[in-house]
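Single-structure report; data block below.
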Amino acid sequence: MTHVLSAVAWPYANGPRHIGHVAGFGVPSDVFSRYMRMAGHEVLMVSGSDEHGTPILIAADEAGMTPQQLADQNHRIIAEDLCALGLSYDLYTRTTTRNHHAVVQELFLGVYENGYFVEQTTKGAISPSTGRTLPDRYIEGTCPICGAGGARGDQCDTCGNQLDPADLIDPVSRINGETPEFIETQHFFLDLPALAEALTAWLDEREATGLWRPNVIRFSQNILEEIRPRAMTRDIDWGIAVPLDGWRENPTKKLYVWFDAVIGYLSASIEWARRSGDPEAWRRWWNTADGAQNQALSYYFMGKDNITFHSQIWPAELLAYSGRGSKGGEPREYGVLNLPTEVVSSEFLTMEGKKFSSSKKVVIYVRDLLSRYQPDAFRYFVAAAGPENQDSDFTWSEFVRRTNDELVAGWGNLVNRTATLIHKNFGEIPAAGELTDVDRAVLDAVEATFGTVGDLIGRHRQKQAIGEAMRGVAEVNRYVSDLEPWKLAKSDGDAERERLATVLHVMAQCVADLNVVLSPFLPFSANLVDAALGGSGQVAPMPRIEEVEDLDGGAPYPIITGDYSEMPAWARRPVQVGATVDKPTPIFVKLDTALVEEELARLA
RNA sequence: GGGGCGGUAGCUCAGUCGGUCAGAGCAGAGGACUCAUAAUCCUUGGGUCGUGGGUUCGAGCCCCACCCGCCCUACCA
């Protein structure tokens, strides 16, 4: 039994998420997790809303709300959207829970006690009226190099030079227009150089597996070369308190949002365990570094902009807590924590050739998409044409084409013609007579897809995986066309009748198999397909939203959770002879090509 | 500026260790069939593999230079 942690990127709760976000981490992580469960692994899939940090504060100010109110609102929207996409989280929680705060502080103390924090004084900009950190990008002014106006604190877009915000001429805050104040301020820096050796060893070992995507491993090793301490606290009043005397009480010093967000993988695992009734259960996914009997693997899903935090900052935190850096040390109560097995980063999805931009209205939100289209149509597009290895483009015409020509015409039609033929001729799944070589050939080809598709999903090659599954679909369509069962149906002879039963039985078996193979990609329709062929309609369990109490006395909140224990195994299951097959209704909605123009008009 | 990725048929892309590697799907053309959401099945066109050099018996594949697109390089997340 292998324990598999599916650690899915935490969506930032400053607004609703668009389809680019879920294409990058949502759908791929769900396909992987569903497959791994069916393949017999003990999967724990966790994520949550990332709710601290400056952008939330700003969005809250603009909306006239408190940051907590804004986070509450967006957390709910995001959770509902992810749930509606069928993403099978064991727990989707949030970073404003008491549990998360406590786990983050525990990690901080572990890192601190082992000596991997260094205190440094830095110069930084703050807003004089609020005392909050003013990040470089929120300061603008005249570029000291080229004299252009509107230069940002970190970089001038006109001349391209990188800047120090203190050098800007007439700097102003983009948040409220006031002149920033540059002050000396104390912060805790994560001593990354003291962890560099351990990080290098870990990355080398990971590289040797040959499993990481080449650009991810290369990028990760590259950033290791210029490693330096990184501030893990901020001058801000929205976040998690620094759990040290003299700091804890300071309302304007909080932990850096990225220090806390990645810890969510651990805190969510712990929260899941506490809610499951076995508070120590999380350790089976996290504490197997030192010769535990079972094996635990962890896969982190995210977009490429997050690689740094998952292949450097997060493993550094884990190493520091576990006492595995050059300064040594001992772990506290959580023990030696596992490092990521694989950082599975996707590239970016673009929209009609352009970057997503909510301000420029080059965007489609998950909610809007799902209000008009089937979740599986979108999931299919992402699996078949998503940004797996390189940036890919979402266009409405391609979405319509993929849906109509591949999903509806290929798979949907095979299901439909199979169910119709069986319904008309037998009304139930007929028993097979003697199989011919042609029958065996198609059955073998379809059964082989369990191996090929499963292997590809396990190696995070979902584009190829769904391609192989669809090749199986084409093969069965070819079988049907070749054998022309409708002609057999027109004959009265017993031999023809038995042959017809055999062919339809083979078709039903192939469709049932392909349905299982496709179920990680198309869970909603998998249930409908199963029901259409006389099954229970319970092939792909679905997540649900649940309102829960905070475990430690905080405010209640919605989570995503679910029971995924009833998934079928990743293997052929003989179809049930005698199961009733009714006249089918189409499962996939064919799209009107006119919607391309309608959708493009919405973007303008 | 530094690092990385990509530029292959009209479109979207595969091409593992240099040797049937010039491919698939879609669109286009022709045909078969009628069980099926006019779906399916068969046949078919064809591209200087970004540009220019180089290494090699042999290069989309390796090396160098250049052109174009994108990403990372932030105290945003």
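Chain naming here is simple, since letters A, B, ... match the order of the sequence lines and numbering starts at 1 in each.
- A donor-acceptor contact under 3.5 angstrom links the side chains of A/Asn250 and A/Thr252, judged on distance only.
- Contact annotation for A/Phe309: base contact, defined as any heavy-atom pair under 4.0 Å involving a base atom.
- Pairing for B/U40 is with B/A32, a Watson-Crick or G-U wobble pair whose two hydrogen-bonding atom distances lie under 3.5 Å.
- The nearest whole Å value for the distance from the OH atom in A/Tyr479 to the C1' atom in B/C42 is 19 Å.
- Nucleic acid contact for A/Lys590: base, since at least one base atom lies under 4.0 Å from a heavy atom of the residue.
- Tested against A/Tyr373 for a ring-ring contact (aromatic ring centres under 6.0 Å, His included), the candidates A/Phe381, A/Phe588, A/Phe399, A/Phe524 yield a single pass: A/Phe399.
- Crowding of A/Arg471 atom CZ: a count of heavy atoms from other residues, nucleotides or ligands under 6.0 Å not exceeding 12.
- The residue among A/Ile223 and A/Thr585 whose nearest nucleotide of RNA chain B lies closer to the 5′ end is A/Thr585.
- A/His187 has its NE2 atom 8 Å from the C1' atom of B/C75, to the nearest Å.
- Distance, A/Arg402 CZ to B/C13 C1': 8 Å, rounded to whole Å.
- Within 4.0 Å of A/Ala231, counting heavy atoms only, lies no atom of the nucleic acid at all.
- As a whole-Å value, the separation of A/Arg417 CZ from B/A36 P is 10 Å.
- Looking at heavy-atom distances under 4.0 Å, A/Trp10 makes no contact with the nucleic acid at all.
- The side chain of A/Asn416 lies closest to B/U37, out of B/A77, B/C33, B/U37.
- Of the two residues near RNA chain B, A/Asp405 and A/Lys487, the one whose nearest nucleotide lies more 5' is A/Asp405.
- Side-chain N/O atoms of A/Thr580 and A/Glu428 include no donor and acceptor closer than 3.5 Å.
- In this structure, A/Lys463 reaches neither bases nor backbone, as no heavy-atom distance under 4.0 Å exists between it and the strands shown.
- Applying the Watson-Crick and G-U wobble criteria (two distances, each under 3.5 Å), B/G6 pairs with B/C68.
- Among the atoms of the strands shown, only primed sugar atoms or phosphate atoms (P, OP1, OP2) are found under 4.0 Å from some heavy atom of A/Ala474.
- Counting any heavy atom pair closer than 4.0 Å across all strands shown, A/Asn477 reaches sugar-phosphate atoms only and no base atom.
- A salt bridge links A/Asp235 with A/Lys253: the distance from a Lys NZ or Arg NE/NH1/NH2 to an Asp or Glu carboxylate oxygen falls below 4.0 Å.
- With A/Phe521 as the aromatic partner, A/Arg379 does not meet the cation-pi criteria of under 6.0 angstrom to the ring centre and within 45 degrees of the ring axis.
- Residue-level contact check: A/Lys490 touches the backbone only, with heavy atoms under 4.0 Å from sugar-phosphate atoms and none from bases.
- The CZ-P distance, from A/Arg401 to B/G28, rounds to 12 Å in whole Å.
- Within 4.0 Å (heavy atoms only), A/Val257 reaches sugar-phosphate atoms of the nucleic acid but no base atom.
- Across all strands shown, B/G1 pairs with B/U73; the Watson-Crick or G-U wobble distances both stay below 3.5 Å.
- Atom name P, nucleotides B/U56 and B/G15: the rounded distance is 29 Å, in whole Å.
- Residue A/Asp393 is out of contact with every strand shown, counting any heavy-atom pair closer than 4.0 Å.
- Among the atoms of the strands shown, base atoms are found under 4.0 Å from some heavy atom of A/Pro586.
- Contacts of A/Arg461 with the nucleic acid, taken as non-hydrogen atoms under 4.0 Å apart, involve only primed sugar atoms and P, OP1 or OP2.
- Note: CD (A/Glu347) to P (B/C72) measures 10 Å, nearest angstrom.
- When the P atom of B/C41 is taken as reference, atom CG of A/Leu414 falls 9 Å away, rounded to whole Å.
- With a cut-off of 3.5 Å on both Watson-Crick or G-U wobble distances, the partner of B/G23 is given as B/C13.
- Rounding to whole angstrom units, CG of residue A/Asp482 and C1' of B/C33 are separated by 11 Å.
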request  = Begin from the C-alpha positions of A/Tyr365 and A/His18 and carry the test ring pair (Phe, Tyr, Trp, His ring centres under 6.0 Å) through to its verdict.
outcome  = CA-CA 4 Å; A/Tyr365 293 105; A/His18 58 64; 7.1 Å; no
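- Glycosidic conformation, B/G60: syn, with the torsion inside 90° of 0.
- The gap from the C1' atom of B/C63 to that of B/C70 amounts to 25 Å, rounded to the nearest Å.
- The partner of B/C62, taking Watson-Crick or G-U wobble pairs whose two distances both stay under 3.5 Å, is B/G54.
- Residue A/Lys424 has its side chain nearest to B/A36 when only B/C33, B/A36, B/C72 are considered.
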